[in-house]
2 protein chains.
Amino acid sequence: MKFNDFKTEALVTVENSCRQLFMTNRTRFKIKNEELAVKNYEILTNVTLKLCKEKGFQAMSIRDLSKESGLSLGALYYYFSGKDEIVHFLHEQGHRFIQDILTKKTAGIKNPALKLEMAIRSHIFLSEVAPDWFFFFFMETKNLANDMRTIPVLSEIWVEQFFIDILAEGKKANVFSYDNSSLIGAAIKSLLQDWYLKRWRYMQRGITVEQYADFVISIIESYIKPVKKKK
Amino acid sequence: MKFNDFKTEALVTVENSCRQLFMTNRTRFKIKNEELAVKNYEILTNVTLKLCKEKGFQAMSIRDLSKESGLSLGALYYYFSGKDEIVHFLHEQGHRFIQDILTKKTAGIKNPALKLEMAIRSHIFLSEVAPDWFFFFFMETKNLANDMRTIPVLSEIWVEQFFIDILAEGKKANVFSYDNSSLIGAAIKSLLQDWYLKRWRYMQRGITVEQYADFVISIIESYIKPVKKKK
DNA sequence: GTCTATAGCCGGATAGAC
DNA sequence: GTCTATCCGGCTATAGAC
């Protein structure tokens, strides 16, 4: 799988994510015009992510959001009930996002090693397609009130479990050998996260997404593959 | 090296860090009484870290800091010129901290493999002794103004380079085999960070610092050790 | 649905008494 | 050195015209 192919495929999802948001919450929302809603939610999503990347969610004011989006202060409150709800929407969309891609991309792959590779590659590529989104997802979780943290925490655990399950399949099929799947799952997650948390470092060094994905795959495989070769 | 031994050794440094802060900036500071200064900087450091862990630096108000520290609003401004300076102090101290421990602990170790192990273990143990500090160091960097970000960025690069140097020594001595030291350096950093960024996950699963350190060492070594064994 | 204007609050920083 | 009182700017959220 090449990154560019992945990108063209995945972009559709980004656009439609806001429509899905609207459909799901249709009754609760003040705006009723679907096309308008989708268009503006898309703008708001992008602007929010951009501003949060620059200064963080707490420091981003509704006034900033208004200025950058072109919508007035009053109009904004037609799209959400308050600042907190923006975070909630973004988290909701982000979670669905990752879940969809990982399951879709690995569906039907029988060979555990190939499945693991595909899962790792998809996750890294996805975070390259929407880096701000992932950055937000990670950074704007830690300091939230407890009830706002449920989605990110569930998502975190879901992804980790997704990898642990693949590891288990591989062990069963005698393709992998290890005795601490939860640590390996955590390590995979950590390496996936590094790509979007330290993007600037990798850019600085001219490392491409594809190189990074290959590297993560090789380091994990070298740890879990039963040693057979001789040098 | 056992964690408990490390802990008793390292704690001294935590206490004296504030004294060093005072000595270095003596001329600039309004407070002149050394003992008083050190005592209160220590309180302020701890309270700040605690509050930042709970709600983040942006959301922490000077009023919060006043309430929790027992010092009045006015008194606080005797200890720093503004909110931004607090971050700066903490970053300064934190950087010195890590640098000191890593160099001190690995000094005199000739064998690259042992040196790498010691460096990894020390870093993880240190972040276990002062988790809030590391958490702060990581989280409260991203959304800062550019000129406030210099210390953390330098620190980041310094640590990475520290590991890359050890890797290079090992390669030269034919103990390690690899061809992408900067990626491995980044991977090590990423795994070290995971311990303090996702502390709750590891606690949940009953994984101890020592187990985690062993795991990180084993995964890295499995990747860089020249393959000789047969199974 | 979108705008402008404004209510009402909160936070950083300072003044000045002790 | 530490306190209380206060200024003032900026923020979220709402009211009400269009």
Side-chain angles (χ1 to χ4, degrees), chain A residues 18-19 21-22 25-44 47-48 51-52 54-90 140 143-145 148, chain B residues 18-19 21-22 25-44 47-48 51-52 54-90 140 143-145 148:
Chain A
C18 290
R19 171 159 278 113
L21 173 73
F22 177 75
N25 299 283
R26 189 155 223 164
T27 49
R28 269 171 56 218
F29 284 0
K30 283 189 201 157
I31 350 97
K32 296 299 168 194
N33 180 331
E34 178 171 335
E35 288 318 309
L36 188 61
V38 172
K39 190 195 105 203
N40 280 329
Y41 274 120
E42 211 180 320
I43 293 173
L44 290 173
V47 171
T48 304
L51 289 171
C52 285
E54 283 165 20
K55 40 169 84 176
F57 180 74
Q58 305 259 19
M60 175 196 83
S61 70
I62 300 288
R63 280 170 163 83
D64 292 333
L65 196 54
S66 160
K67 247 169 271 167
E68 291 269 334
S69 67
L71 282 157
S72 73
L73 268 179
L76 288 180
Y77 284 89
Y78 226 75
Y79 288 84
F80 40 72
S81 66
K83 222 183 151 189
D84 282 352
E85 205 175 41
I86 306 179
V87 188
H88 184 69
F89 287 165
L90 284 173
E140 307 304 346
N143 306 319
L144 254 36
M148 294 257 78
Chain B
C18 290
R19 170 159 279 114
L21 172 74
F22 177 75
N25 300 283
R26 188 156 225 164
T27 49
R28 269 171 55 218
F29 284 0
K30 284 190 200 156
I31 349 97
K32 295 299 168 193
N33 181 329
E34 177 171 336
E35 289 318 310
L36 189 60
V38 172
K39 190 194 104 203
N40 280 331
Y41 274 120
E42 212 181 319
I43 293 173
L44 290 174
V47 171
T48 305
L51 290 172
C52 286
E54 285 165 17
K55 41 168 82 177
F57 180 74
Q58 305 258 21
M60 174 194 83
S61 70
I62 300 287
R63 283 168 162 85
D64 292 333
L65 195 54
S66 160
K67 248 170 269 167
E68 290 268 336
S69 68
L71 283 157
S72 73
L73 266 180
L76 288 181
Y77 284 88
Y78 225 75
Y79 290 84
F80 40 73
S81 65
K83 221 184 154 190
D84 283 352
E85 206 175 42
I86 307 179
V87 188
H88 183 70
F89 287 165
L90 284 173
E140 308 303 345
N143 306 319
L144 254 36
M148 293 257 78

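This is a predicted model, so every value here is computed, not measured. In what follows, chains carry the letters A, B, and so on, assigned in the order in which the sequence lines appear, proteins first and then strands, with residues in each chain numbered from 1.
Near DNA chain D, defined here as any heavy-atom distance below 4.0 Å, there are no residues from residues 28-37 of chain A. Of the residues in residues 75-86 of chain B, those lying under 4.0 Å from DNA chain D by heavy-atom distance are B:Ala75, B:Tyr78, B:Tyr79. Near-neighbour residues of DNA chain C inside residues 61-72 of chain B, defined by a heavy atom below 4.0 Å, number-ordered: B:Ser61, B:Ile62, B:Arg63.
Shortest non-hydrogen contact noted between A:Leu21 and A:Asn25 is O-ND2, 2.9 Å. Counting all heavy atoms, side chain and backbone alike, B:Tyr78 lies closest to B:Lys30 at O-CB, 3.7 Å.
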Check against side chain to side chain contact (heavy atoms under 4.5 Å, CB included), A:His88 and A:Leu144: CA-CA 11 Å; A:His88 184 69; A:Leu144 254 36; over 6 Å; no
A:Leu71 vs A:Ile43, side chain to side chain contact (heavy atoms under 4.5 Å, CB included): CA-CA, chis, key distance, verdict: CA-CA 10 Å; A:Leu71 282 157; A:Ile43 293 173; 5.8 Å; no
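Between the P atom of D:dC11 and the CD atom of A:Gln58 lies a distance of 14 Å, rounded to the nearest Å. The nearest whole Å value for the distance from the CG atom in A:Leu51 to the C1' atom in D:dC11 is 15 Å. At whole-Å resolution of the value, NZ in B:Lys39 and P in D:dT2 are 8 Å apart.
The pair B:Arg26-B:Glu34 meets the salt-bridge criterion, since a charged nitrogen lies less than 4.0 angstrom from a carboxylate oxygen.
Rounding to the nearest 0.5 angstrom, the gap separating the CD atom in A:Glu35 from the CZ atom in A:Phe22 is 9.0 Å. The OG1 atom of B:Thr48 lies 4.5 Å from the CG atom of B:Leu65; values are rounded to the nearest 0.5 Å.
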Are there any protein N/O atoms within less than 3.5 Å of an N/O atom in nucleotides 16-18 of chain C, and if so, which ones and at what distance?
none

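Counting only residues at least two apart or on different chains, the salt bridge (charged side-chain N to carboxylate O under 4.0 Å, His left out) pairs with a member in residues 66-80 of chain B are B:Lys50-B:Glu68.
Between B:Cys52 and B:Leu90 there is no side-chain heavy-atom pair separated by less than 4.5 Å.
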Ignoring hydrogens and angles, write down the donor-acceptor pairs under 3.5 Å from the side chains of residues 80-87 of chain A, residues two or more places apart or on other chains.
from    : atom 1 : to      : atom 2 : distance (Å)
A:Ser81 : OG     : A:Glu85 : OE1    : 3.2
A:Lys83 : NZ     : A:Phe57 : O      : 3.0
A:Lys83 : NZ     : A:Gln58 : O      : 3.2
A:Lys83 : NZ     : A:Met60 : O      : 2.8
A:Glu85 : OE1    : A:Ser81 : N      : 2.7
A:Glu85 : OE2    : A:Arg28 : NH2    : 2.8

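B:Tyr41 and B:Phe29 have their aromatic ring centers within a separation under 6.0 angstrom.
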